[in-house]
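Any value given below was found using the heavy atoms of this structure, including those in side chains, with hydrogens, waters and symmetry copies removed. Indexing begins at 1, ligand by ligand and atom by atom, following the structure's order. In what follows, residues are counted from 1 in the order of the sequence shown.
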Amino acid sequence: MARPSGWLQDNGSIAQRREILIGKLLQFFGLERRDHLRIGHRQFRLSNYTVVAIKTGQLARRFCRKGIIITQQPLTAFQFHLTHWGRCQFRQPIANNDETPGIKTFRLVNPTGGPVPFEFLPGQFLTLAVAQAGSTTKRSYTIASSAEQRGYVEITVKREEKGVVSRYLHDRVAPGDLQQVAAPQGRFTFTGAEADGIVLIGGGVGITPLMSVVRSLTDRGWDKDIFLLFACRTSADFVFREELEHLQKRHPNLHVVATMSRADGTAWMGPKGRMTKELITQWVPDIARRRVHLCGPATMMDATRAMLLELGVPGEQIRTEAFGPAGSKGDRQATVQAAMVEPSPATPVVAFTISSRSAPLPAGTSVLEAAEHVGVAIDNSCRAGTCGQCKVRLRKGSVTMAVQDALSPEEKASGIVLACQAQATTNLEVEA
Ligand SMILES: Cc1cc2nc3c(=O)[nH]c(=O)nc-3n(C[C@H](O)[C@H](O)[C@H](O)COP(=O)(O)OP(=O)(O)OC[C@H]3O[C@@H](n4cnc5c(N)ncnc54)[C@H](O)[C@@H]3O)c2cc1C
Ligand code: FES
């Protein structure tokens, strides 16, 4: 039997999930309620799925019936990894998909026709798995298109000079290619219900989740104030400029301002320089009472967050999303190698219980880096605490995590940690 298409996502509360999960399993995979789910060597009736998971906390490796892989992550009551992989197909979105030099938009559709087989909230991201030269690399990309239409989704990607996936997308993919994609995830969302107005501050390609919010809210005719403050280098890097100008004309509640850090000698007539407190207060009245969503390079986000706090915006009103870790990949690899060379006897050790290996965990090194050092495979993508690909269960010990945006309160309570962020000063046991 052909493998059914479609996949699931996890947006609901625990209480909602059971019926959503069962309903979607039935719908997507053509199952019936009397069908059985096999977890390891045990079989369970599908209609008891959630209950079983709550009681047993089993490691569910495969949903065996009909050979469909549902999850390769630990499945517990509070950790339904409904991040299922399905296929989308690339379509050429527009006559010319170059947004700016080095930034392109890609349109993805349901290969079997009809609407995309998932729902998403403005600000969520997809994770793409790209297989090349015998290895698979996963990277997350925000859905920049409007959540109000389901015929396609668009991602807008900056080409990194040595980047594995961004270069693949820019240089290799062609309309009609199929792409493995995980269902949308992410908590950096804004639907209009959360606040009576929104301030969106973006830098560079960090505008993508904000653009999805702008497109979704304007599509719906949301009539509260939307402020979009955007920082980039030159007007040539002003992504979505024409569309934003058009939307601004049609929606008087949308206020867009851009500032260019390298505007000297160009025809740019607008604000120049980096984001400043003055620019924010000049464009956004009563900033201290607003909800702010911030996405851009790490240094820009840190500086802007500090400004917002100084301007009186409460910390909990400022939401951020990092696309990757601060600092370069090469520097990080060198630091980890150096730390691993001769760990002192006092250096904590992390034991990986599934692969029966262990590794030193020097100060400043993450569980993910320790795992990679001894060849233990842990899925990962952003390495910044955002995408959730590196979730693992901590069986013993305690960790600190600088960023834990990808974890729900339930996951935290049930011992799930982000391997890319987890650091420790004592020995650990981790399921990996
Ligand atoms: C939630 C989320 C949403 C995101 N949304 C978007 C989006 O909408 N648009 C977007 O463009 N990106 C987005 N990203 C970032 C994206 O996931 C990737 O991180 C980005 O495209 C780079 O991936 P890559 O595989 O091309 O580069 P990688 O191979 O991961 O390389 C990363 C960086 O390291 C450098 N590098 C690689 N190898 C070397 C080396 N040997 N020596 C020195 N430097 C090296 C590369 O030049 C690059 O700058 C998002 C990330 C997250 C977490
Ligand atoms: S790799 Fe993305 S959260 Fe850890």
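- Remark: side-chain polar atoms of S235 are not paired, donor with acceptor, to backbone N or O of W268 under 3.5 angstrom.
- With a 6.0 Å radius and a threshold of 12 heavy atoms from other residues, nucleotides or ligands, R220 has its CZ atom above the threshold.
- Stacking of R139 on the aromatic ring of F125 is not recorded, the 6.0 Å distance cut-off and the 45° axial limit not both being met.
- In this structure, R107 forms a cation-pi arrangement with Y152, its terminal cationic atom sitting closer than 6.0 Å to the ring centre and no more than 45° off the ring axis.
- If you check the side chains of E194 and T191, you find a donor sitting under 3.5 Å from an acceptor.
- A donor-acceptor pair is defined here as one N or O able to donate and one able to accept, closer than 3.5 Å; such a pair exists between the side chain of R319 and the backbone of E316.
- For ligand 2, residues of the protein lying within 4.0 angstrom by heavy-atom distance are N380, S381, C382, R383, G385, T386, C387, G388, C390, C420.
- The one candidate from L210, I207, L229, L217 that meets the side-chain contact (heavy atoms from CB on, under 4.5 Å) condition with L200 is L210.
- Using a heavy-atom distance under 4.0 Å as the criterion, the protein contacts of ligand 1 are F125, R139, S140, Y141, T142, T156, V157, K158, E160, K162, G163, V164, V165, S166, V205, T208, E321, A322, F323, K329, C382, T386.
- Checking T353 against E429 by side-chain atom types alone, no donor-acceptor pair falls below 3.5 Å.
- Judged by distance alone, the side chain of T304 and the main-chain N or O of M300 form a donor-acceptor pair under 3.5 Å.
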